[in-house]
Structure formats: structure tokens, C-alpha cells
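What's counted below: heavy atoms across the whole structure, side chains too, no hydrogens, waters or symmetry copies. Counting starts at 1 for both ligands and their atoms, in listed order.
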Amino acid sequence: MTQPSAPTGETTKTDILVAGAGSTGLAAALAFARSGLKTALVGRIPPPLPGRTIALFEASVRFLDALGALERVKALACPIEGIRMIDDTDQLFPVPELTLRASEIDLPALGVNISNDELVGVLLDLVRASPEIQFIDADIADYEVNGACAAALLADGRRLEADFIVAADGRNSRARAVAGIDVKEWTYPQVALTMMLRHEFPHDNISTEWHTRSGPFTLVPLPPRDDAPHRSSLVWLMSVDDARRRLAKPREELEYEIEDYAKSEFGAMKIESDIGQFRMGGMQVSQHAKGRLALVGETCHIFPPIGAQGLNLSLRDVADLEDCLASVDLRNERELSRALVRYDRHRRADIGFRTNGVDVLNRSLIIPYLPVDLFRGASFIAVAALGPLRRAVIREGVLPHLVLPRMMRHPVRAHAG
Ligand SMILES: Cc1cc2nc3c(=O)[nH]c(=O)nc-3n(C[C@H](O)[C@H](O)[C@H](O)COP(=O)(O)OP(=O)(O)OC[C@H]3O[C@@H](n4cnc5c(N)ncnc54)[C@H](O)[C@@H]3O)c2cc1C
């Protein structure tokens, strides 16, 4: 429920304060409220993101089920039954096409693809309907994170005390800075253009990635509409100059170029949304929790959208934190500190693995270097040829076994699709 503004200087008290109302913060508020904690969520409702969709894999689908969001997400999303990868780098030695299918690991789908704004809408509705969540549509101006409790100071002068702060306030997190957590940031010479497309031929619920020298060009299936039976979202990585050039083109010419990149496999393309542009960068943090505060989502990891890892990882942060804090007395500093050491260890392994994996794949595409091309090609051949390796790769992508928190362990009975 959104709270009416309170008198300046008023102090209120809660168990958990979630900072930031993006997808990660909304999911965090729902997860902690579900575990019986008095939860406050503070942040502005996120603005729409043009042409952006989110592919969420099996572990995240289970998490949405645990939050009570899955039925509504399923109604708006398209199942992803397989991922097809095509090397389009014109490297010296031909690399076979690789398709990873959900049926190989006995799942009906690897996950679902949903418009980012629709996902935020579903989570926001659940937050508003939850009597355990106090939703304050405001920015946090500052924090006090020392001592026996933590507090957020709102821009209108209100002070909100909490036993624990979950920082989901994004890449420029104020909470992270106040806690004194260091970040390492870097950039890639790339921009991602995003848009939604309608096309002539069906996608058969398969996501197709062409790996080009400027980065992946990925079509992810979307559900049909009355006037458009075949639809996909596009995430297209390219150089900054190419992005500028393409954005300046008439729509029709850009649609031809997109069809050309997709080798006309889906026929003529029509852009049906605004086009989003996102500069590519990376970020890692020195620690994932400190004192009475933990980082989740883009406060503690950023990397290019390759393999659709970002929000999947953020939801694992949330589910893992909920796991680590379950049955901890938040006022007992020793218990809390032990739980946070565990959280930091888990996140360091999971986030480090994904950040480095995406970095290596991205650089191996954009830097033409024969030994690296050979290594990438050999990996494709091995995964294509060896059934057990292929199944392990699929499983690790959608249900990472070493870091699966409780809220992601229970299979859903009526799966998406
Ligand atoms: C092109 C592209 C495609 C992607 N595709 C996928 C995909 O298919 N699958 C996937 O899993 N991931 C994908 N991602 C990643 C995913 O979109 C992000 O990981 C996710 O949106 C991050 O959500 P977040 O809530 O952590 O951060 P944000 O969405 O940035 O939310 C942070 C929130 O904090 C708020 N905030 C900031 N400061 C304050 C303050 N002082 N007080 C209160 N609130 C504050 C902001 O207003 C914002 O609403 C993609 C990313 C890109 C760029």
C-alpha cells in the first residue's frame, strides 16, 4: 500500500527496509514479507524501458511461483523451449550451430520471456496488495548504517529505522556508498539496441543468438497478439558508431538490416516498439554485505546482456539472502554477521562466475584473435557432440545447482507454457 506523506521528522520502525523499487527491490520486498518480516519498500515506480524484455529461466520461474506471481507472468509471457547459437564471426574454421533444448533435461521450457514493464507491473500489483509491505513511493536521501540498527532518511525529512537494509537501489547505489563498499567498474566499446519486432515466420518458442564480431544479435520469442502471430524481442550489441548510424536510419531501412542479420529466417521484420539504447559496462563489488546492509541486483553486478543472466542473478541474490537470514535474530549482531559471511561467500562465487563468463565470451567475439576463436569453436563442438556435457551446460544455465536457494528448489506443477 502506498503511504500518504507523513509529517517531516517522523520516525517509523520496521524489520526490513528494501531500498529501490526496480524488479529486484519489488521481488525482495515480496520475498521478505512472505517470510513474515515487517517490510518497508522505498523507491519511485520505475519508468518504462523501451523495447526491453526479460528472459527468466527455470530457477527464477520457481521463485516467481513462490512469490505468487507466476500465473500472471505466464499469461503475459512466451515460453522459451530452446536456445539456438550460431557463430557468425566468419572465423577461419567453421563452427557448428548449437541448439540447447529444455526437453534434454526433462523440462517443458527453459524459462519465459516477458516485457520488462509488464513484469514490473505484476510485481508492483502484488506489493500493493500485500498488507505486510509498507510501500513508500519516494527517494532515500541518506542512510545511517552504524550501530545496533540502520536508518534511511527520506527526501521529505522522514526517518525510517530498520533492523536490516536490503539495498536494491541500482548501479549508482547510495546505500552501497554510505556502507563504504568499493566497486570496480569497466566499460565495453558497445551499445545494446533493444526493440520488439513482428515477423513473417514462427519462432517455435526458440531463442536464436547470432554471435557476430560486434557482439550477439539475439531474437527472443514473444507471445502472439491478435494482429501479429509471430513476435520476438531483439537485443543487439554493436559498436557505439554503428548504434548512432542505425538509430539515425529510417525505420524501414533498419528493418531491412535486421532481416539481413537474421538471414531472413523469420522473413520481413517490422519494429513495433520504441528502440532502447544501453551503453555496455561491467561492475563488481569488494563485498556483498556489511554491518546491517546487503546488496542485491545491480548494486552488486553489471555485465552485458549475453545469455540473459542479469535479473536471473539478481533474483538469486534475493532468494539467497532470504535463505541466509531465515531463522536469524536480526538484532543479534553475532548471528547476523555469521549469516552475512555466508551470503557474501555464495554471491562472490555465483556473481564472479557469471561476470567472468560473460566477459570472456564477449571479448572473444569482439577481439578477433585466432587462438581465442579456436577455443570458442572447440567449446561449441564439444558441447554439441557430448550429450552429458550439453545437459550439464543447460542445467547450469537455468538451475545453477551449487547456489540454489530454497525458494528456487520446488518445481512448479503447471509450468509456463
Ligand atoms: C539490454 C538489456 C537486456 C537485458 N535482458 C535481460 C534478460 O533477458 N534477462 C535477465 O535476467 N536480465 C536482463 N537484463 C538485466 C536486467 O534488466 C537488470 O539486471 C535489471 O533490470 C536490474 O534491476 P534492478 O532492480 O537491480 O535495478 P534497477 O532496475 O536499476 O532498479 C534500481 C531502482 O532503485 C531506484 N533508486 C535509485 N536510487 C534510489 C534512492 N536514492 N532511493 C530510492 N530508490 C532509488 C531506482 O529509481 C530504480 O527504480 C538486461 C539488461 C539490459 C541492459
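With respect to atom 24 (P) of ligand 1, the closest heavy atom belonging to the protein is T24 OG1, 3.2 Å. Atom 11 (O) of ligand 1 has as its closest protein heavy atom L311 N, 2.8 Å. Regarding atom 31 (O) of ligand 1, its nearest protein heavy-atom neighbour is G22 CA, 3.6 Å.
The closest approach between I45 and ligand 1 stays at or above 4.0 Å for every heavy atom of the residue. At a 4.0 Å cut-off, at least one heavy atom of A168 sits close enough to ligand 1 to count as contact. Heavy atoms of R52 come nearer than 4.0 angstrom to ligand 1 in at least one pair.
Within a 4.0 Å radius of atom 47 (O) of ligand 1, the protein contributes no heavy atom. Distance check for atom 40 (C) of ligand 1: a protein heavy atom is found below 4.0 Å. Protein heavy atoms are absent from the space less than 4.0 angstrom from atom 28 (P) of ligand 1.
At under 3.5 Å, not a single nitrogen or oxygen of M280, backbone or side chain, sits near a nitrogen or oxygen of ligand 1.
Both the backbone and the side chain of A55 come within 4.0 Å of ligand 1, judged by heavy-atom distances. At a heavy-atom cutoff of 4.0 Å, ligand 1 is contacted by the backbone of V42 but not by its side chain.
We find that E104 and R101 are not joined by a salt bridge, their nearest charged nitrogen and carboxylate oxygen being 4.0 Å or further apart.
Between the side chains of S207 and N113, no donor N or O sits under 3.5 Å from an acceptor N or O.
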